[in-house]
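This report refers to the structure that appears directly beneath it.
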Amino acid sequence: MGTTSMASRVFLLLLIFLSSTNLSLSLYEDQVGLMDWHQQYIGKVKGAVFHTQKSGRRRVVVSTEENVIASLDLRHGEIFWRHVLGSNDVIDGIDIALGKYVITLSSGGGILRAWNLPDGQMVWESFLEGSGASKSLLTVPTNLKVDKDNLILVFGKGSLHAISSIDGEVLWKKEIAPESVEVQQIIQPLGSDIIYVLGFFGSSQFDAYKINARNGELLKHNSATFSGGFSGEALVVSSEILVTLDSTRSKLVIISFQDGEINYQQTHISDIFGDSFGTPVLLPSKLPGVFSVKIDGAVVFIRVTGEGKLQVLDKINNVAAISDAISLSEGQQAFALIQHGDGKIHLTVKPSHDLSGDLLQESIDMDNQRGTVHKIFINNYIRTDRSHGFRALIVMEDHSLLLLQQGAIVWSREDGLASIVDVVTSELPVEKEGVSVAKVEQNLFEWLKGHILKLKGTLMLASAEDVAAIQEMRLKSFEKSKMTRDHNGFRKLLIVLTRAGKLFALHTGYGQVVWSLLLPTLRSSETCEYPTGLNIYQWQVPHHHALDENPSALVVGRCGKNSDAPGVLSIVDAYTGKEINSMAAIHSIAQVIPLPFTDSTEQRLHLLIDVNQHGHLYPRTSEAIDIFQRELTNIYWYSVEADNGIIKGHVLKSNCIQEVIDNYCFESKDIWSIVFPSDSERIIATVTRKLSEVVHTQAKAIADEDVMFKYISKNLLFVATVAPKGSGPIGTATPEESWLTVYLIDTVTGRILHRMTHHGSQGPVHAVFSENWVVYHYFNLRAHRYEMSVIEIYDQSRADNKDVWKLVLGKHNLTSPISSYSRPEVVTKSQSYFFTYSVKALAVTLTAKGITSKQVLIGTIGDQVLALDKRFLDPRRSVNPTTAEKEEGIIPLTDSLPIIPQSYVTHALKVEGLRGIATVPAKLESTTLAFAYGVDLFFTQLAPSRTYDSLTDDFSYALLLITIVALIAAIFVTWILSEKKELREKWR
């Protein structure tokens with residue numbers, strides 16, 4: 001008996017050891033990167049300053065259109081440090097002072113900051129006040145010395161400020177804007193205590209202010225009228241000369257202001273260029289004594305002599321970009337220009353004093369999907385032979401950033417991904433049968449090697465090299481990066497549209513770019529000015545022909561800034577990135593409605609609504625029009641005129657009456673409208689359910705064995721309005737002046753199903769709609785806190801179906817058709833909770849069958865994503881829930897929603913500049929895929945109810961095998977000991 005109990009104790013100890021070993025591996029830190037990935041970007045660069053001193057790392061400091069300041073490594077392009085200032089803090093200028101501070105001007109000349117160059121820490125910050133909005137200019141003298149308190153000059157908000165470069169103190173301020181002068185340039189001659197402020201008054205007067213740099217005293221103010229008028233922009237040629245164009249752009253005007261005295265000299269464009277047919281444009285490049293004019297596709301370099309005469313130095317065709325001049329040595333400067341040709345870019349560096357000679361000529365092969373060069377910044381270095389070498393930082397049309405040196409691309413960054421406009425997902429190809437034996441053997445070897453390493457880690461026998469190998473194998477799992485579908489649906493393509501008009505296909509495994517396409521229809525041209533990408537939709541999703549047909553996406557854009565501009569369409573293959581078809585300069589596009597119908601090739605029908613509320617059917621095929629005609633009477637849509645406070649419902653009527661018959665164009669008529677009184681309500685938010693959302697069941701079991709039926713309708717619209725005084729920023733209205741009203745509206749009939757008012761509240765409002773509930777976020781002025789509210793809507797007309805005998809006998813109405821025209825018997829439940837943070841975006845998890853519990857994904861003001869269980873937003877929560885309610889899972893009521901640190905799906909990472917969150921269901925019911933995008937990108941897999949239907953990827957099969965072997969051994973030993981015991985008892 002003692003032997004048996006001893007064997008049992010040994011077996012239990014073994015199980016405890018194995019289970020504790022498994023728990024010791026249950027760490028979050030070593031799992032980061034297994035199910036998610038994070039990518040950092042900066043956006044399209046608009047300003048750059050090199051810092052390549054002998055001491056310290058060589059770097060380039062840049063400012064971008066996403067309001068990012070970043071320091072990049074010149075060797076690899078990696079980010080040393082960066083700061084995202086926010087959408088309302090636009091960067092106006094950037095420079096380096098004292099060799100150790102990065103100086104930035106932002107917020108329309110209102111904020112000046114100094115950042116420590118090595119680590120990016122803020123050194124000082126100055127807030128500059130002024131009388132009004134104006135152009136912002138930053139001037140950092142190049143001769144600043146550390147031991148001198150030199151001035152940084154800033155013109156912004158209508159005033160000129162002199163700021164100390166040491167501590168940011170504003171030493172003096174001089175107002176200029178009250179005199180309505182549009183300041184163009186600030187000039188301080190080298191070594192001088194005089195500052196010249198130059199600008200235009202109206203369209204025909206030039207003003208020059210002469211100011212003492214020591215105290216801001218106005219020494220002299222001269223003005224002179226020019227009868228021909230000015231075009232608006234002016235370039236500095238020297239410390240005493242400006243050049244501009246007259247109002248007709250037919251004359252070059254040289255403005256000299258020596259000692260404040262203003263003189264004009266004008267030259268006809270035809271006298272310089274002959275008979276030209278283009279409009280001249282002054283290029284904003286800073287070249288000493290020289291300016292450049294672009295006309296007829298060519299760039300002409302012109303020198304201004306001491307007498308104000310113009311001398312043509314050179315004419316170069318196909319110039320894409322010109323850099324500012326940089327200093328090479330005492331009195332010698334150089335600049336660079338880029339030309340395109342033969343699929344290459346040609347880089348030329350010229351000395352500023354002699355344009356006939358070239359310091360450098362290089363040709364670099366360039367991917368045509370990057371487009372043309374938009375900007376170039378150059379830097380020089382000393383080679384080993386003491387000659388000058390050059391490196392060029394170029395910004396491409398697709399917003400990518402490249403460093404060129406010695407005729408090659410040193411590194412590149414896909415910073416266009418910092419400006420994603422829309423995202424859609426696509427399945428990967430089906431894996432074809434037939435795999436080579438060698439590949440099977442290789443995969444088997446890798447599998448065995450991996451599990452042996454995991455076993456060593458489990459038994460705590462792994463060395464440091466083994467631990468590193470385990471982590472590397474996890475991060476570079478072959479299964480995650482395969483270009484075929486997996487049975488769980490984790491591997492997909494994220495097809496994103498960027499502001500540059502470029503498409504990227506990102507693999508969900510590690511976020512690598514599978515293909516990219518710069519859409520020809522969204523490139524600036526004579527036929528399409530100001531192209532804008534709007535949205536991307538699934539066009540063709542083959543299910544029955546998955547092996548023969550590739551899925552495709554529809555990209556919708558617009559050629560112009562206004563809503564009535566002509567639209568453009570592109571259809572792109574989701575696997576290859578090739579453009580299948582395109583349509584340019586079509587009708588305007590105000591709304592795109594994906595219809596729930598597909599043709600025989602599984603192309604989804606789309607209805608495009610123009611600004612005149614005409615519907616246009618795509619694809620334009622006879623089969624599509626036949627399907628559409630059959631469903632014509634069942635197609636309804638709505639439009640929101642937020643500025644006018646009107647929501648209208650529409651239905652199609654007949655074909656458009658036009659000069660040219662178009663069978664795919666349909667007129668519409670209004671069937672209902674809701675007008676919100678402008679003196680009491682303004683529309684600030686609308687949201688509907690996702691068309692692709694799956695609802696598992698309409699019935700919801702509640703406490704006491706009761707059942708409630710969800711009111712499920714894809715035609716429900718959530719609308720939030722606010723009082724006019726409360727439509728501004730938070731704090732601009734008192735609680736008595738502002739109120740928030742929310743509506744649930746049926747978009748087929750225009751019937752208002754629910755209306756509720758939050759007194760003393762205002763926006764901004766963010767909302768998400770799922771199944772029969774809507775969650776929205778706003779600000780409570782009375783409590784001085786943010787709130788989140790939930791509304792759930794239920795169908796009372798099916799309440800009688802709770803009787804079991806009616807269900808058995810078939811006397812129920814569960815199969816009766818649902819129509820929006822039948823007056824619904826609905827009941828709503830609502831509740832409000834305090835929430836700690838301001839919100840940037842809201843989303844909800846989606847799963848394949850809709851069985852798994854929901855989580856609300858909250859993009860916080862801190863650029864992180866928080867997953868909040870929907871149970872916390874249950875309107876049926878009470879302070880003291882009954883026993884039945886507790887069994888149902890009702891959480892006791894609290895006034896605030898909890899912020900659980902472990903609920904941050906982004907962990908300790910940030911998605912800087914967070915703009916949106918997209919969720920996609922996986923094939924595995926327990927799992928949803930979430931993609932957050934802004935300046936950064938973040939992707940992860942979420943399991944709101946945990947992975948109840950699968951084993952995790954890091955499940956230790958080796959440990960399971962050891963456990964099974966240990967159990968078998970223990971059973972065998974126990975059996976032997978039991979047999980011996982029985983034998984001894986029989987001999988007694």
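- Side chain to side chain, Gln902 and Tyr904 fail the donor-acceptor criterion of an N or O pair below 3.5 Å.
- Every residue two or more places apart in sequence or in another chain was checked for a side-chain hydrogen bond (donor to acceptor under 3.5 Å, both in side chains) with Thr860, and none qualifies.
- Ring centers of Trp37 and Tyr510: at least 6.0 Å apart, outside the cut-off.
- Checked against side-chain hydrogen bond (donor to acceptor under 3.5 Å, both in side chains), Ser926 has the following partners two or more places apart in sequence or in another chain: Asp949.
- Residue pairs meeting the salt bridge (charged side-chain N to carboxylate O under 4.0 Å, His left out) criterion with at least one partner in residues 899-926, sequence neighbours excluded, are Glu66-Arg915.
- Take Glu65 and apply the salt bridge (charged side-chain N to carboxylate O under 4.0 Å, His left out) test, not counting sequence neighbours, and it matches no residue.
- Within the 3.5 Å criterion, the main-chain N or O of Val920 finds a donor-acceptor partner in the side chain of Thr928.
- Defined by atom type and a distance below 3.5 Å, a donor-acceptor pair is present between the side-chain atoms of Thr104 and Trp115.
- Checked by atom type and distance alone, the side chain of Thr852 never pairs as donor or acceptor with a backbone atom of Ser945 at under 3.5 Å.
- In this structure, the ring pair (Phe, Tyr, Trp, His ring centres under 6.0 Å) partners of Tyr933, at least two apart in sequence or on a different chain, are Phe931.
- Considering only residues two or more places apart in sequence or on other chains, Asp936 meets the salt bridge (charged side-chain N to carboxylate O under 4.0 Å, His left out) condition with Arg82.
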- Task: Apply side-chain hydrogen bond (donor to acceptor under 3.5 Å, both in side chains) to Tyr776 and His758, showing your working.
- Result: CA-CA 12 Å; Tyr776 52 100; His758 300 273; 2.6 Å; yes
- What's the verdict on side-chain hydrogen bond (donor to acceptor under 3.5 Å, both in side chains) for Thr894 and Arg877, showing C-alpha distance, side-chain angles and the deciding distance? CA-CA 9 Å; Thr894 56; Arg877 288 176 63 184; 3.2 Å; yes
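- For Asn88, the CG atom sits in a loose shell: 12 or fewer heavy atoms of surrounding residues, nucleotides or ligands are nearer than 6.0 Å.
- Contact annotation: the side chain of Ile851 approaches that of His696 to within less than 4.5 Å [non-hydrogen atoms, C-beta and beyond].
- Here the straight-line distance linking atom CG of Leu493 with atom OG1 of Thr425 works out to 9.0 Å at 0.5 Å rounding.
- Scanning for side chain to side chain contact (heavy atoms under 4.5 Å, CB included) contacts around Phe779 gives Ile730, Leu781, Tyr786, with sequence neighbours left out.
- For Glu792, the salt bridge (charged side-chain N to carboxylate O under 4.0 Å, His left out) criterion is met by Lys700, Lys870, not counting sequence neighbours.
- Evaluation of the side chain to side chain contact (heavy atoms under 4.5 Å, CB included) rule for Ile861 yields Ser838, Lys840 as partners, not counting sequence neighbours.
- Legend: residues meeting salt bridge (charged side-chain N to carboxylate O under 4.0 Å, His left out) with Glu125, ordered by chain and number and at least two apart, are Arg113.
- For an aromatic pair to be called close, the ring centres must be under 6.0 Å apart, and Phe718 with Tyr743 fails this.
- Within a 6.0 Å sphere centred on NZ of Lys690, other residues, nucleotides and ligands contribute more than 12 heavy atoms.
- A donor-acceptor pair shorter than 3.5 Å can be found between the side chains of Ser789 and Tyr778.
- Scored by the side chain to side chain contact (heavy atoms under 4.5 Å, CB included) test, Ser770 finds Glu693, Trp773, Val844, Lys854 as partners (sequence neighbours excluded).
- Every residue two or more places apart in sequence or in another chain that forms a side chain to side chain contact (heavy atoms under 4.5 Å, CB included) with Ser896 is listed here: Arg785, Phe834.
- Ser71 and Arg59 form a side-chain donor-acceptor contact under 3.5 Å, judged by distance and modelled atom types alone.
- No side-chain N or O of His777 forms a donor-acceptor pair with one of Tyr837 less than 3.5 Å apart.
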